[in-house]
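Can you read through this structure? Questions will come right after.
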There are 2 protein chains.
Amino acid sequence: MSQTVDRALRILPLLAEGPANLEQVATRLDVHKSTALRLLRTLHEHGLVYRQGDQRYRLGGRLFALAQEAMENIDIRATAHPHLVALNENCGHTVHLAVHEEGEVIYVDKVDSRYPVRMYSRIGKPVAITVAAVAKILLADLPGDELRTLARKLDYPRYTARSIIGPEAFLAELAKVREQGWATDFGGHEESINCVGAPIRGHDGRVVAAMSVSAPNVVVTAEELLALLPLVRRTAQTISRDYAGYTSR
Amino acid sequence: MSQTVDRALRILPLLAEGPANLEQVATRLDVHKSTALRLLRTLHEHGLVYRQGDQRYRLGGRLFALAQEAMENIDIRATAHPHLVALNENCGHTVHLAVHEEGEVIYVDKVDSRYPVRMYSRIGKPVAITVAAVAKILLADLPGDELRTLARKLDYPRYTARSIIGPEAFLAELAKVREQGWATDFGGHEESINCVGAPIRGHDGRVVAAMSVSAPNVVVTAEELLALLPLVRRTAQTISRDYAGYTSR
DNA sequence: ATGGATGTTGCACATGTTGCAACGAGCTGA
DNA sequence: TCAGCTCGTTGCAACATGTGCAACATCCAT
């Protein structure tokens with residue numbers, strides 16, 4: 001909509017790939033050097049890009065601070081957090097909380113496993129949308145037409161032999177998830193990692209977030225993890241009640 | 001420099017305070033509604049802001065993804081991480097890694113305490129710059145004039161009775177830190193939390209990052225923590241060597 | 001010294017941004 | 001049901017702002 005702002009913002013993902021100098025930025029934006037310079041300066045003034053010693057630009061620290069504050073405004077987080085911690089203390093595994101936002105699913109909270117072998121994930125990281133248990137839960141709640149459109153647009157990377165490939169398989173899996181009210185991911189993202197997840201619902205019954213418990217094969221088998229399902233679902237329901245009571249609107 | 005981009009970027013910290021509707025944004029930017037609308041739409045297209053159900057805007061998920069990627073480009077992180085983990089396994093306390101960037105100090109890595117009582121901090125969070133051990137270490141390395149300018153500009157919040165207040169006290173503390181090559185924070189930020197930290201240096205001897213070990217009083221006394229100082233300094237030196245060898249430029 | 005590569009500045013032009021005014025949608029109370 | 005309010009959206013004309021150019025500055029290698 002706004003050309004100038006659009007150009008400036010296109011610089012950010014570009015720099016996210018790695019530091020770049022003025023000319024590289026100008027070339028990739030397809031604008032004159034002087035234009036790129038002005039945009040970079042404006043971003044710099046706002047702390048969104050940082051100029052390192054060798055004159056190359058990279059993303060700046062303000063970005064972290066903003067992401068940080070944004071995270072803290074997500075009110076489901078505050079409600080859920082103590083319950084996630086309690087669940088973690090109870091079962092010892094990694095607990096995740098995720099929300100959906102316009103075609104992306106992102107982790108917004110995480111309580112680490114107490115076992116030395118931990119899975120890699122990080123708050124703020126976009127979730128593998130076609131395979132993760134939390135993603136299935138969140139997307140299963142979308143209206144049918146919107147979901148079909150999304151399913152067609154998605155990529156279906158074959159992370160492992162058990163990854164879900166293609167819109168039909170994905171829609172079928174989501175139908176199952178919607179039906180049963182919970183989801184699993186047994187090695188669909190990383191061979192040796194299993195998850196079980198459950199939805200957190202707002203006062204109107206819509207899914208507002210999803211939580212999951214994850215553990216590597218070397219710690220517990222898929223069956224043992226599945227045995228935790230009732231506990232996970234109970235926790236999700238407790239959070240839902242808490243949230244519905246708490247939410248002001 | 002660029003008015004349009006400047007206005008657009010001013011929206012971000014504004015939304016970081018909490019969700020806002022079009023009119024609030026327009027008022028706070030001091031522009032017409034239609035202008036604010038166009039800027040918001042552009043930010044929206046890039047995923048930096050998100051429009052929630054009630055039509056209010058808040059910061060969007062792409063921000064997390066960007067911050068995430070930016071973090072992973074900070075190469076000192078990759079070098080330091082295994083050493084931080086090793087130190088954590090050795091002493092059990094929370095370990096932090098921080099860097100300095102234009103007047104701000106931010107945590108870029110963290111390994112959590114194995115004790116149940118953990119301090120609150122989060123990767124990406126700006127550090128309490130006037131009291132934290134890592135901040136003292138990083139700022140102590142700045143050139144004298146730049147440092148004095150900065151010291152005069154800073155706020156000195158009285159977090160606790162032991163917080164450092166005022167530029168003179170701060171500069172004196174930094175001189176001591178520079179002299180001795182390590183820093184502490186005994187309850188200057190939170191009454192019951194102590195830290196000891198050491199600098200990580202690049203090939204030219206300049207401080208490129210700082211690391212620290214933190215623990216609450218209820219777990220170990222300040223004296224016991226101080227006993228870990230040699231270990232912390234040794235780890236920092238190991239990372240420095242690793243980094244100087246590794247760095248390509 | 002000389003040449004090349006890259007960052008920076010001032011400026012004239014026209015393109016994109018701006019505020020306005022009018023419209024639309026949703027809500028409230030009479 | 002309608003008038004009256006608030007708040008988001010749209011089209012447009014005026015002109016402020018962003019744009020690319022060309023010249024200059026700086027740095028490095030030869």
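Letters A, B, ... mirror the listed sequences (proteins, then strands); counts begin at 1.
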Rounded distance in Å - CD (B:Gln24) to C1' (D:dC7): 11 Å

Side-chain donor/acceptor of A:Thr130 to backbone N/O of A:Ile164, under 3.5 Å: no

Side chain proximity check, A:Leu142 to A:Leu150, heavy atoms < 4.5 angstrom: yes

Separation of atom CG in B:Leu39 from atom P in D:dG8, rounded to whole Å: 15 Å

Side-chain heavy atoms of B:Met211 within contact of B:Leu87, under 4.5 Å: yes

Whole-Å distance separating the CG atom of A:Leu29 from the C1' atom of D:dG20: 14 Å

Ring geometry between A:His96 and A:Tyr107 (parallel below 30°, tilted from 30 to 60°, perpendicular above 60°): parallel

Qualifying salt bridge (charged side-chain N to carboxylate O under 4.0 Å, His left out) pairs with a residue from residues 13-41 of chain B, counting only residues at least two apart or across chains: B:Glu17-B:Arg28

Euclidean distance, atom CD of residue A:Gln55 to atom P of D:dT26 [Å, nearest integer]: 12 Å

Protein-nucleotide distance (A:His44, atom NE2; C:dT8, atom C1'), rounded to Å: 15 Å

Minimum side-chain heavy-atom gap B:Leu138-B:Ile129 below 4.5 Å: no

Axis deviation across the helix from C:dA1-D:dT30 to C:dA30-D:dT1, five-pair ends, to the nearest 10°: 40°

Among D:dT17, C:dT17, C:dG7, the one nearest B:Gln3 by side-chain distance: D:dT17

Ion pair check, B:Glu101 and A:Arg58, cut-off under 4.0 Å: yes

Below 4.0 Å: OP1/OP2 of D:dT19 and any side-chain N or O of A:Arg38: yes

Of residues 4-12 of chain B, the positions that come close to DNA chain C - non-hydrogen atoms, cut-off under 4.0 Å: B:Thr4, B:Arg7

If you restrict it to nitrogen or oxygen atoms, what contacts under 3.5 Å exist between nucleotides 9-12 of chain C and the protein, and what is each distance?
{"residue": "C:dT9", "atom": "OP2", "partner": "A:Arg41", "partner atom": "NH1", "Å": "3.2"}
{"residue": "C:dT9", "atom": "OP2", "partner": "A:Arg41", "partner atom": "NH2", "Å": "2.5"}

Upstream residue (5' side of DNA chain C) when A:Glu23 and A:Met1 are each assigned their closest nucleotide: A:Glu23

Distance in angstrom units between B:Lys33 NZ and C:dA22 C1', rounded: 11 Å

Pairing residues for B:Ala132 by the side-chain contact (heavy atoms from CB on, under 4.5 Å) criterion, not counting sequence neighbours: B:Val127, B:Val134, B:Ala135

Polar side-chain atom of B:Arg56 near backbone of B:Ala20 as donor-acceptor pair, under 3.5 Å: no

Salt-bridge present (A:Arg62, B:Glu104; N to O < 4.0 Å): yes

Salt bridge (charged side-chain N to carboxylate O under 4.0 Å, His left out) partners of residues 136-147 of chain B, not counting sequence neighbours, each pair once: B:Lys136-B:Glu173, B:Asp141-B:Arg206

